[in-house]
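Inspection log for the structure reproduced underneath, given as structure tokens.
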Number of protein chains: 2
Amino acid sequence: MSEAPYRRIMNALRSEIASGRLAPGDRIPSENELAQSFSVSRMTANRAVRELAAEGLVFRTAGSGSFVAEQRLELSLLRVPDIIEEIRSAGGHYSARLIARNRSPARGEIASAFEVPAGWELLHTLIVHESDGRPIQLEDRYVDPAFAPDYLDQIFEARSPNAYLTAIARPEQAEQIVEAVAADSQIARLLNVSRGHACLKVKRRTWCGGRIATLAWLTAPGERWRLNVKFSL
Amino acid sequence: MSEAPYRRIMNALRSEIASGRLAPGDRIPSENELAQSFSVSRMTANRAVRELAAEGLVFRTAGSGSFVAEQRLELSLLRVPDIIEEIRSAGGHYSARLIARNRSPARGEIASAFEVPAGWELLHTLIVHESDGRPIQLEDRYVDPAFAPDYLDQIFEARSPNAYLTAIARPEQAEQIVEAVAADSQIARLLNVSRGHACLKVKRRTWCGGRIATLAWLTAPGERWRLNVKFSL
DNA sequence: AAGTGGTCTAGACCACAAA
DNA sequence: TTGTGGTCTAGACCACTTT
């Protein structure tokens, strides 16, 4: 069961890009060069690069060449995507920093968004997700202890909160509200950007069994995150 | 400038699916049948169907066939909202400033996003939407003249480009890509914010008859615009 | 056994970009 | 002019599903 040649080429280029040997803006080998070095026909090399372009990893200009695109995660708003998967599929090395992990009584906006009375105790984590050591997303999450009592005992460096929670039970419903915000001092520090930097912030709620299971704010530097919604009418 | 054969096949199948002549679960013609009826090689038919599968419009099973996928998005929750409606329903008084209105040859990102050759002439408008006299959204829109030849003659102060265009024909498909950007000098001036201000920017494309009908960038100050996506899984 | 998708090949022609 | 990507062709072999 060996890998299809066009996939071998895609993976090879992905590694080059992930490792930084091919940096954004760099030209990648032409189709003819790839065909020769991988001992395949040009059509096979073409398909490999074409599919990388469809993924957004490279962009191509006829007559000029194919170039490594700015690395930018693209997530669909119609799914509840897993950050670790997204980073890996973009060719990055995932890591995480756990900033806070505690029990926290709901109040104000959190209580009202969670639809629980003020003072209700929720599980809380604050995590910085990193791609190749660079902060890429700040996740501020609240979880209903009735839904996932062992939530705080998880090893978040290995499994994202989202992956753990969806493994417990698939949500029936999700809501995502998107806005652009200027980085405040905490966000600036944790994401390693300057204060006032344009960030994309998603407030996400998911429902299980008719009740809100988790509430999370996901914040990322604007230039490193894009959200995509494509639908038929 | 005729259309590439594999795109002709894709569009033909899209129409069949959009019209309901091919319903979810139906088998579409095999690659060999498509190759014969469109007078192309099997590789060309293969590419057409493969790309439709990548879009999620069909799914394929080796040995069995290709089938129309369930189109099960919660449409009521996803729409292409009209800015005038939004402002009025929020209790604001709508007005608009027409900054530019012209014919413009497509090039670079616009040509590639519109999937037309460079130099193709598009209709272009640049409009600032205002609520109670305050700039609230900048709309930079390109329209295919074949789709809406009279587009430039509209009175945009009374009817939004979006409302006019959807009145001509309902799009079958829409794509919206969201990002956070810092205001550049033009955006800052037109939206009356400072340079670097965090803005939400949506790139929206809509399809009619298998072709891209319009492409628009919608930019708004982050604190005045939120996007909401709620869906069932 | 016949048909399907999945993939590869070794050529080809074109429009376009850079030198 | 040379090289690039964009595309098409007419064959081919394979693993798989259906009959």
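What's counted below: heavy atoms across the whole structure, side chains too, no hydrogens, waters or symmetry copies. In what follows, every chain begins at residue 1, and chains take the letters A, B, ... in the order their sequences are listed.
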- [ ] Quick one: label A:Arg47 by what it contacts on the DNA or RNA (base, sugar-phosphate, nothing), any heavy atom closer than 4.0 Å.
- [x] sugar-phosphate
Open item on the list: Strictly below 4.0 Å: does A:Tyr6 bring a side-chain N or O up to OP1 or OP2 of C:dT7?
Closed with: yes
Task: d(CZ, A:Arg8; P, C:dG6) in whole Å - done: 21 Å
Open item on the list: Less than 4.0 angstrom from a charged side-chain N to a carboxylate O is my criterion; do A:Glu31 and A:Arg50 meet it?
Closed with: no
Open item on the list: Rounded to whole Å, how long is the line connecting atom CE of B:Met43 with atom C1' of D:dG6?
Closed with: 13 Å
Open item on the list: If the cut-off is 4.0 Å, is A:Ser64 near the phosphate of C:dA17, judged by side-chain N/O to OP1 or OP2?
Closed with: no
Task: Length of the line joining B:Leu34:CG and C:dG6:P, which is rounded to integer Å - done: 13 Å
- [ ] Kindly say whether the aromatic ring centers of B:Tyr151 and B:Tyr142 come within a distance under 6.0 Å.
- [x] no
Task: Given D:dG11, D:dT4, C:dT4, the nucleotide with the shortest approach to the side chain of A:Asn32 - done: D:dT4
TODO: Can you figure out which of C:dC8, D:dT7, D:dT4 approaches the side chain of A:Arg27 most closely?
DONE: D:dT4
TODO: Please state how far atom CZ in A:Arg50 lies from atom P in D:dT7, giving the value in whole angstrom units.
DONE: 7 Å
TODO: Report yes if at least one side-chain N or O of B:Arg60 is closer than 4.0 Å to OP1 or OP2 of C:dG6; otherwise report no.
DONE: yes
Task: B:Ser41, nearest nucleotide to its side chain (from D:dC8, C:dT7, D:dT4) - done: D:dC8
Task: Out of C:dG6, D:dG6, D:dC8, whichever nucleotide has its closest atom nearest the side chain of B:Glu31 - done: C:dG6
Task: Carboxylate-amine/guanidinium contact B:Lys201 B:Glu179, below 4.0 Å - done: no
Open item on the list: Tell me if the side-chain of A:Arg42 makes a donor-acceptor pair with the base of D:dG6, cut-off 3.5 Å, by modelled atom types.
Closed with: yes
Task: Rounded distance (Å) that lies between atom C1' of C:dC8 and atom CD1 of A:Ile9 - done: 11 Å
TODO: Establish, from distance only, whether the side-chain atoms of B:Ser66 and B:Arg60 form a donor-acceptor pair under 3.5 Å.
DONE: yes
Task: Residue pair B:Arg8 / B:Val40, side-chain heavy-atom distance below 4.5 Å - done: no
Open item on the list: I need the CD-P distance between B:Glu51 and C:dT7, as an integer number of Å.
Closed with: 13 Å
TODO: Check whether any side-chain N or O of B:Thr61 sits under 4.0 Å from OP1 or OP2 of D:dC16, and answer yes or no.
DONE: no
- [ ] Using the closest heavy atom to pick a nucleotide of DNA chain C for each, name whichever of A:Ser39 or B:Ser66 lands nearer the 5' end.
- [x] B:Ser66
Task: Short side-chain N/O contact to D:dT7 OP1/OP2 from B:Thr44, under 4.0 Å - done: no
- [ ] Using a 4.0 Å heavy-atom cut-off across all strands, classify B:Val49 as base, sugar-phosphate, or nothing.
- [x] nothing
Task: Residue B:Asn46, side-chain atoms from C-beta onward, closest of C:dT4, C:dT7, D:dT9 - done: C:dT7
- [ ] Any chance you could lay out the side-chain contact (heavy atoms from CB on, under 4.5 Å) test for A:Leu13 and A:Leu34, step after step, and finish with the verdict?
- [x] CA-CA 10 Å; A:Leu13 289 172; A:Leu34 290 171; 4.2 Å; yes
Task: Length of the line joining A:Gln36:CD and D:dG3:P, which is rounded to integer Å - done: 13 Å
- [ ] Rounded to the nearest angstrom, tell me the gap between atom CZ in A:Arg7 and atom P in C:dG6.
- [x] 11 Å
TODO: For D:dT4, take OP1 and OP2 only and decide whether either is under 4.0 Å from a side-chain N or O of A:Ser30.
DONE: yes
